[in-house]
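Here is the structure we will look at.
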Amino acid sequence: MYLLHVVGARPNFMKLAPVYRALHARGARQSIVHTGQHYDSNMSDVFFQQLHIPAPDINLSVGSGSHAKQTAEIMARFEPVVLDLRPDAVVVYGDVNSTVAAALVCAKLQIKVVHVEAGLRSGDRAMPEEINRLVTDQLSDLLLTPSVDGNENLSREGIPESKVMFIGNVMIDTLVHLLEAAKDAQVPGIPSRYGLVTLHRPSTVDDPLVLESIVKTLSELSSELEFVFPIHPRTRQRLDSLNHFASRVHLLEPQPYLQFLWLQKNATVVITDSGGIQEETTYLRVPCLTVRPNTERPVTVSVGSNTLVGYHTDRLRSELQAVIAGQGKRGEIPDRWDGHASARAAEAILNLGE
Ligand code: UD1
């Protein structure tokens with residue numbers, strides 16, 4: 001069976017790595033297409049190196065652009081690749097623009113689509129990722145879910161059960177695989193006790209009022225707990241005009257996988273608007289405060305260590321103070337987040353060819 005994997009943005013790479021490895025171990029022939037959605041070396045190349053992913057066979061080099069332009073450009077450049085290589089199936093990951101663009105191309109060419117991390121829903125169509133999830137799942141032939149809420153969402157949307165399989169969380173496979181290696185990835189100059197912050201969603205960082213109120217709250221609370229804040233390029237562009245962080249908020253460049261895992265593992269608390277980080281902190285049982293009104297990963301709240309604080313800085317402040325006082329939520333690890341999700345994924349994908 002010949003498989004093509006399509007990835008483009010940072011959160012795709014930690015999902016690709018274990019699935020590629022599990023398929024390789026089972027003798028599948030595979031190629032990797034990188035769309036070039038993320039192109040900075042600290043957003044892309046360093047992840048390929050640390051996660052031991054072979055260099056992409058093809059790079060579409062699409063770069064940034066509006067959603068329509070970026071999605072359309074990926075489609076236009078990906079279609080001739082599929083026509084040329086004629087894979088038996090194409091594997092797409094998560095909810096980024098590269099995912100939906102590749103799924104659309106394949107559906108029209110009648111090439112089978114496998115969606116890894118299917119079925120997640122925030123119910124919030126104002127977020128571009130939710131649109132990408134809905135469309136990708138409608139077009140997919142095999143839908144691999146990380147949690148049972150995914151199966152329930154897909155069933156409600158009329159997707160036949162025969163296409164859906166609950167495999168668990170492949171990103172947690174990467175975490176389990178590299179946790180030991182991350183022990184040596186200490187980031188220099190970090191305080192011994194700190195809160196780790198990441199923000200990059202348009203809904204958080206593109207609204208100056210929301211971003212400014214979070215920055216102000218963190219600066220105020222930094223007298224009680226220092227913060228470490230690796231800054232995504234999108235957020236960096238917005239923050240350049242907002243120069244009022246207190247000195248106990250340490251700004252860093254985006255971190256490689258192992259260093260970021262080290263930072264999460266050793267944090268007192270994590271404050272984020274990322275989806276993947278809600279999951280990683282749940283596995284690590286580190287309290288996580290998510291600055292979003294909703295989440296497509298409800299199991300991190302119902303089972304894991306995540307608390308949704310919305311954009312209410314009063315709530316952020318009171319939850320942070322509770323964590324500082326030692327009352328942070330630790331939670332449990334969800335079902336099938338056990339380091340073997342990609343083995344289950346590989347078996348299901350290879351069954352497609354039979
Ligand atoms: C994308 C995903 C988001 C994911 C995030 C992880 C979509 C719709 N969004 O958001 O789901 O959580 O990646 O990072 O696909 N930029 C650089 N260098 C890079 C990449 C981006 O400077 O290597 C800058 C560009 O100015 C670009 C901006 O960041 O305009 C946003 O990048 P883009 O890929 O459009 O979306 P993200 O915000 O990264």
Side-chain angles (χ1 to χ4, degrees), residues 6-16 33-49 51 56 59-75 77-78 92-104 115-118 120-122 124-137 146 171 174 197-207 210-211 229-241 252-257 260 264 270 272-281 288 290-292 294-297 300:
V6 180
V7 289
R10 186 171 59 181
N12 293 156
F13 309 140
M14 31 299 222
K15 296 165 196 164
L16 164 67
V33 176
H34 191 317
T35 64
Q37 177 174 347
H38 283 176
Y39 42 85
D40 285 353
S41 106
N42 61 8
M43 297 291 285
S44 177
D45 298 354
V46 71
F47 289 84
F48 277 73
Q49 289 152 20
L51 305 178
N59 195 319
L60 304 178
S61 303
V62 294
S64 303
S66 69
H67 283 272
K69 196 161 180 305
Q70 190 176 56
T71 309
E73 201 63 53
I74 297 167
M75 289 181 69
R77 296 186 193 191
F78 183 53
V92 298
Y93 297 84
D95 56 15
V96 303
N97 287 343
S98 301
T99 309
V100 71
L104 261 166
H115 187 201
V116 176
E117 200 188 84
L120 298 186
R121 298 288 182 269
S122 64
D124 179 0
R125 291 199 185 191
M127 295 184 77
E129 293 84 0
E130 183 77 351
I131 308 297
N132 295 345
R133 291 180 202 114
L134 281 159
V135 175
T136 304
D137 283 341
M171 202 183 60
T174 293
V197 182
T198 84
L199 302 168
H200 76 278
R201 299 251 171 219
S203 46
T204 329
V205 304
D206 286 1
D207 181 338
V210 172
L211 185 59
F229 186 1
I231 304 189
H232 185 283
R234 168 190 284 281
T235 313
R236 170 72 71 181
Q237 290 162 11
R238 310 294 184 270
L239 281 175
D240 278 348
S241 56
L252 307 181
E253 288 302 308
Q255 292 295 301
Y257 183 81
F260 193 75
Q264 287 190 82
V270 176
T272 192
D273 61 358
S274 151
I277 294 169
Q278 296 171 46
E279 298 183 333
E280 289 173 340
T281 48
C288 178
T290 296
V291 278
R292 278 175 47 187
N294 50 52
T295 178
E296 62 288 340
R297 292 158 160 95
T300 61

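Indexing begins at 1, ligand by ligand and atom by atom, following the structure's order.
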So for H67, does at least one of its heavy atoms come nearer than 4.0 angstrom to any atom of ligand 1?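 Distance cut 4.0 Å: H67 passes for ligand 1.
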Where is the nearest protein heavy atom to [atom]: which residue, which atom, and how far?
atom	answer
atom 26 (O) of ligand 1	Q237 NE2, 2.8 Å
atom 18 (N) of ligand 1	D40 OD2, 3.0 Å
atom 20 (C) of ligand 1	H38 CD2, 3.3 Å
atom 4 (C) of ligand 1	H200 NE2, 3.7 Å
atom 27 (C) of ligand 1	S64 OG, 3.2 Å
atom 2 (C) of ligand 1	V96 CG1, 3.7 Å
atom 31 (C) of ligand 1	R234 NH2, 3.8 Å
atom 24 (C) of ligand 1	P233 CB, 3.7 Å

Measure the spacing between [atom1] of [X] and [atom2] of [Y] and express it to the nearest 0.5 Å.
X	Y	atom1	atom2	value
L199	R234	CG	CZ	12.5 Å
N97	Q37	CG	CD	5.0 Å
I277	T290	CD1	OG1	9.5 Å

Are E296 and R292 close enough for a salt bridge, meaning some N to O gap below 4.0 Å?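 Here E296 pairs with R292 in a salt bridge, since their nearest N and O are under 4.0 Å apart.
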What I want to know is whether N132 and ligand 1 share at least one N or O pair that is separated by under 3.5 angstrom. no
Below a 4.0 angstrom heavy-atom separation, can you tell me which part of [X], side chain or backbone, both or neither, approaches ligand 1?
X	answer
P11	side chain
M43	side chain
E129	side chain

Main-chain N/O of S203 paired with D207 side-chain donor or acceptor, under 3.5 Å: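 Not at all, since once roles are kept as given, no pair shorter than 3.5 Å links the two residues.
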Spell out, as yes or no, whether a donor-acceptor pair under 3.5 Å connects the side chain of H115 to the backbone of G94.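 Here the side-chain-to-backbone pair exists.
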Can T99 and T136 be counted as having a side-chain donor-acceptor contact under 3.5 angstrom?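 No, T136 and T99 have no side-chain donor paired with an acceptor closer than 3.5 Å.
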Looking just at side-chain N and O atoms, do N132 and D95 make a donor-acceptor pair shorter than 3.5 Å?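 On atom types as modelled, these side chains do not qualify, holding no pair under 3.5 Å.
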Is the distance between the ring centroids of F13 and H34 under 6.0 Å?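 Under 6.0 Å, so yes.
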